[in-house]
Structures are given as structure tokens and as C-alpha cells.
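For reference, the structure discussed in these notes is given below.
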2 protein chains.
Amino acid sequence: MSTLGRRAATTAATRRGIIDAARELLATHDWQHFTIEAVANRAGVTRVTVYNQVRSKRGLLDAVLADLVDRAGMDQLLTDTQHLSAGEACAAIVQRTCLFWHSERELLRALFGLAAVDHDVASILEQREEWRGKQMQSLVRRLAAESAPSFDEADVLAGVTAVTSFVTYDALGPIADDPDRAAVLVTHLVRSLTD
Amino acid sequence: MSTLGRRAATTAATRRGIIDAARELLATHDWQHFTIEAVANRAGVTRVTVYNQVRSKRGLLDAVLADLVDRAGMDQLLTDTQHLSAGEACAAIVQRTCLFWHSERELLRALFGLAAVDHDVASILEQREEWRGKQMQSLVRRLAAESAPSFDEADVLAGVTAVTSFVTYDALGPIADDPDRAAVLVTHLVRSLTD
DNA sequence: CTGTCGCTTTACTGCCTGTATAGTGAGTCG
DNA sequence: CGACTCACTATACAGGCAGTAAAGCGACAG
């Protein structure tokens, strides 16, 4: 089943087109203009085709997020940084995170904004944020082992998670246009909590 | 014109009712269920009455935000802290800010979420955020005068603004349930940027 | 060659926004 | 006291979007 057959290939292509169209539209336009019809037009298909691929508008957002996670490739970040010192691992993780926030900033802004207002979108994002939370927890533990932090572990974890969150990154404004510069700032904030 | 006359009083009361209903509904329900009809029902009036008071859904959000700003009473925070030392002023401003974020957390979450997705709401919030930015700028200047920070002033300002923003506060999760505890954490972060 | 299946076209229901219009009743003013 | 004002109601309407249903077409698969 390595090759897909012409039929499955074309349907996969239309699905790609739909998701890409949705991603672009979501990143560049208001929620008001993010209609199924607009997505269909941009993808060059009919509204009904969109409904065939993703059952609903919610399903479309779900597909967009799943695609985004696939592209991210953050899964192996934790094992990649295992051999580094705690401080180096911290810098690496923060930088990699900032790069990801930056790479899809407009799209993520829309998704996190919607999550604040739509329970369905929130529950979609919750899984990923939970995963990120665990990653941060293991990072905090490594850093805490090297020095005695000035706060509870719970406070440190909450602070680190918040400071490394997308919404905080996006709130950096013009600084966030340069992810490396932002990463230095965020790393400094994280270290100020764990040292 | 100190007394309002029965007529004007009742219309003001219905307006209050509408805005209160909108605030509660926005804080407790999804955007999907935040319809003009739902607001009208909760306020005990007709849809048409809502449209008479606030021209549109956007106007309703505008009114809710204006009301929120009135309640906040943050205007004189800057002059109130003028006589304090820079460090004390920082702690006071951060604490007061956190208390405000906490007092209307659900409502603010909805408004900031919408702002990420709706250009109209964004432009409504922009004014207030601009005002807050200036407040933070003057705070940063005071703190910078006392010690040489490790970053550009632009970086420090961006970092402080981000760290004291609502979205970051909200991202603190369970810690944000206790605004004083959160304030200590945020103050620490601010000081780590300015010292 | 025949059947499958994804895509299209068309049409429909239901919900929400926003507007228009006429009526009602309580407060206002001469 | 009587006439006027004006906020609110009831109702109906147009427009837009989500989601569903049904029938036809055409390329691919066996």
C-alpha cells in the first residue's frame, strides 16, 4: 500500500487543497469571512465536496489543526535535547518553540482566539496544550534539580507554561517578528523562574 | 440635570439590563450561543429594543467594553503610584492589573479571543491596550533609571507588556484563580527584565 | 465492460443578523 | 386635563451562512 492508486491520490489532493485553502483563509481573513463557501472557492471545489471531506466547519478546523501538528515535527524535541545540559536544553526547547509559534503565527492566533470563544475548538487544542504542559514539566524538573527556585514547583510550572505559550509570544508584538530575538527574551524569563 | 426624570431613568435601566445580560452571556456561553435574541431574552426585552439601544452586535460589544472600562477605575493608577518608589510602584501596578484581569476573567477571555479573530473587536480593544502600553512604558522608564537592564529598552518594554497582558495572566491557569499569588509571579518576571 | 465513488448541480430547511412598520402605553408639557 | 413624545412591542421581511438531500456525470478499478 505504498503507492496510492490514481483515484485515492486525486481525492487526497483535493483534501489537501481544502485544508490549505482553509489554513490560508484563516490566517489572512476575519472569522466573518471564513465561510465554507469561501474555502471551497479558494480550493476550486464545491461546498458539498468540502462537507464530504470534513463533516462540518468544526471538522475542518480539526483537520487544519491535525495537519499543523503533522508539519510541526515537535514530537522528538524532548528526546533530541536529552543529551544536553539542563540550561542548553531549556534554550533549545524555547527557541524551537518560538520558531514554531512564528512559523504559523497568524493561523495560531486565529485558532487560539477561537478556542477562547468556542468550546469545540478549545477541546481540540487542549490535547496539544496538555502535551506541551508535560514537556514543560519535565523541563522544569531538570532545571529545578540544578538550583533551588524561589517559588513552589506548581508556580514555576504555571509560570513557565504561560511564558512559553503562544499567546504570550504573540503579545510580544514587533519583537515576535524575530523569533530568535524573542527566544532570548523568553529564555531569560524562564530562567528567572527556575534559578 | 442631576436627576434623570422617570422616563430617562427607565430607558437607562433597560440599557443597563441589556449590557449586563450581554456581559453575563459572553462570560458564560460560547460565541455560538451569544445571539442578540439570547441577550434580549435574558434582559427581558425584545430583539428590536436591543437594536434600538446598540445599533448592531458590534455596537453591543462596544458598549460592554465601555462599561467594563468604567467599572475598572484604572485611570488614576499612574498618579496614585507617583509617590512610591519604582519597585513599590511596579508591585502596585502589577497587583492592581492582576486584580482587574481576575475580576472579569471570563468576559475578558471572550473579548480578547474575539479580537484575535474579528478586526472590529480588535480595533475596539486596541485603544485600551495602547493606553496600557503607555502606562507600562512609563513604568519601565522608572525602573530602568534605577538599574541597567540586560536588554534594549524596546525588548524590555515588549516583554513587560506581554508578561502583564491579560492573555498571559489567563495562561497561568489555576494560579490565576488567586490574583495575589499570580501578581507575585508576574512582578518577579517584570523585575527580571528590568534589573 | 460494468460497477464504484468522488465530485457537481440544484434545492431545501433552519438559524441569525439587520431593517421596516404600525401599534400601545406611560411619562411629559402646555 | 388633554395632546404630544418616545421607548418598547409585535410582526414581517430580506439576506447570508451552516448543513442535508438527491440525482447525474465521469474517471478509475476490477
Side-chain angles (χ1 to χ4, degrees), chain A residues 1-22 25-26 28-65 110-111 114 117-121 124, chain B residues 1-22 25-26 28-64 110 114 117-121 124:
Chain A
M1 256 269 170
S2 61
T3 155
L4 232 59
R6 287 185 189 176
R7 196 152 190 169
T10 57
T11 71
T14 62
R15 188 183 172 87
R16 277 237 65 77
I18 290 170
I19 293 177
D20 287 347
L25 215 59
L26 207 51
T28 57
H29 285 64
D30 276 12
W31 176 250
Q32 304 263 349
H33 302 105
F34 181 73
T35 67
I36 297 287
E37 190 160 20
V39 173
N41 285 340
R42 181 174 275 248
V45 294
T46 328
R47 263 176 54 227
V48 182
T49 303
V50 177
Y51 280 107
N52 281 345
Q53 289 292 341
V54 298
R55 295 187 81 74
S56 63
K57 207 168 180 179
R58 185 191 316 171
L60 179 55
L61 292 177
D62 212 336
V64 167
L65 187 70
L111 287 174
L114 284 175
V117 133
D118 186 315
H119 187 272
D120 291 328
V121 180
I124 294 174
Chain B
M1 259 268 170
S2 60
T3 155
L4 233 58
R6 290 185 187 173
R7 196 153 189 168
T10 57
T11 70
T14 61
R15 189 184 172 86
R16 277 237 64 75
I18 290 170
I19 293 176
D20 287 345
L25 215 60
L26 206 51
T28 57
H29 286 63
D30 276 13
W31 176 249
Q32 304 263 348
H33 302 105
F34 182 73
T35 66
I36 298 286
E37 190 159 20
V39 172
N41 286 340
R42 181 173 274 247
V45 295
T46 329
R47 261 177 56 229
V48 182
T49 303
V50 177
Y51 280 108
N52 282 345
Q53 288 292 341
V54 298
R55 294 185 84 69
S56 64
K57 206 167 181 181
R58 185 197 167 184
L60 179 56
L61 292 176
D62 213 336
V64 167
L114 285 175
V117 134
D118 186 315
H119 188 272
D120 289 331
V121 180
I124 295 174

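Just so it is clear, the structure is predicted and the values come from calculations on it, not from any experiment. Protein chains get the first letters and strands the later ones, always in sequence-line order, with residue 1 at the start of each.
B:Ala63 and B:Val54 make their closest contact through CB-CG1, 4.0 Å (heavy atoms, listed as atom of the first residue, atom of the second, distance). Of all heavy-atom pairs spanning B:Arg47 and B:Ile36, the tightest one is CG-CG2, 4.0 Å. Contact record, B:Thr14 with B:Gln53: OG1-NE2, 3.9 Å, taken as the closest heavy-atom pair.
Take B:Arg42 and apply the side chain to side chain donor-acceptor pair (under 3.5 Å) test, not counting sequence neighbours, and it matches B:Glu24. Applying the side chain to side chain donor-acceptor pair (under 3.5 Å) rule to B:Asp118 yields the partners A:Gln32; only residues at least two apart in sequence or on another chain are considered. Take A:Arg55 and apply the side chain to side chain donor-acceptor pair (under 3.5 Å) test, not counting sequence neighbours, and it matches no residue.
With rounding to whole Å, B:Asn41 atom CG is found 11 Å from D:dT9 atom P. Between A:Asn52 atom CG and C:dC5 atom C1' the separation is 10 Å, expressed in whole Å. Rounded to whole Å, the distance from NE2 on B:His33 to C1' on C:dT17 is 17 Å. Distance CZ (A:Arg15) to P (C:dC7): 11 Å, rounded to an integer number of Å. Whole-Å rounding puts the B:Trp31 CH2 to D:dA18 P distance at 15 Å. Rounded to whole Å, atom P of C:dG18 lies 16 Å from atom CD of B:Gln53. Counting to the nearest Å, the P atom of C:dA20 and the CZ atom of B:Arg55 are 10 Å from each other.
Residue A:Thr49 has no polar side-chain atom (N or O) positioned under 4.0 Å from OP1 or OP2 of C:dC7. The phosphate of D:dA18 has neither OP1 nor OP2 within less than 4.0 Å of any side-chain N or O from A:Ser56. An OP1 or OP2 oxygen of C:dC5 is reached within less than 4.0 angstrom by no side-chain nitrogen or oxygen of A:Thr11.
The stretch residues 32-52 of chain A participates, sequence neighbours left out, in these ring-ring contact (aromatic ring centres under 6.0 Å, His included) pairs: A:Trp31-A:Phe34.
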Quick tally for nucleotides 25-30 of chain D: nucleotides whose base has a protein heavy atom under 4.0 Å get B, sugar-phosphate-only ones S, the rest -, giving -BBBS-
Given protein heavy atoms under 4.0 Å, the one-letter contact record of nucleotides 11-16 of chain C, with B base, S sugar-phosphate only and - none, is simply -----S
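When heavy atoms are screened at a 4.0 angstrom cut-off, B:Gly44 is found touching the sugar-phosphate backbone but no base atom.
Taken from CG in B:Leu114 to CG in B:Asp120, the straight-line distance is 11.0 Å, to the nearest 0.5 Å.
Under a 3.5 Å cut-off, the side chain of A:Thr46 and the backbone N or O of A:Thr49 do not form any donor-acceptor pair.
For A:Tyr51, whose side chain is taken as the heavy atoms from C-beta onward, the closest listed nucleotide among C:dG18, D:dA18, D:dC8 is D:dA18.
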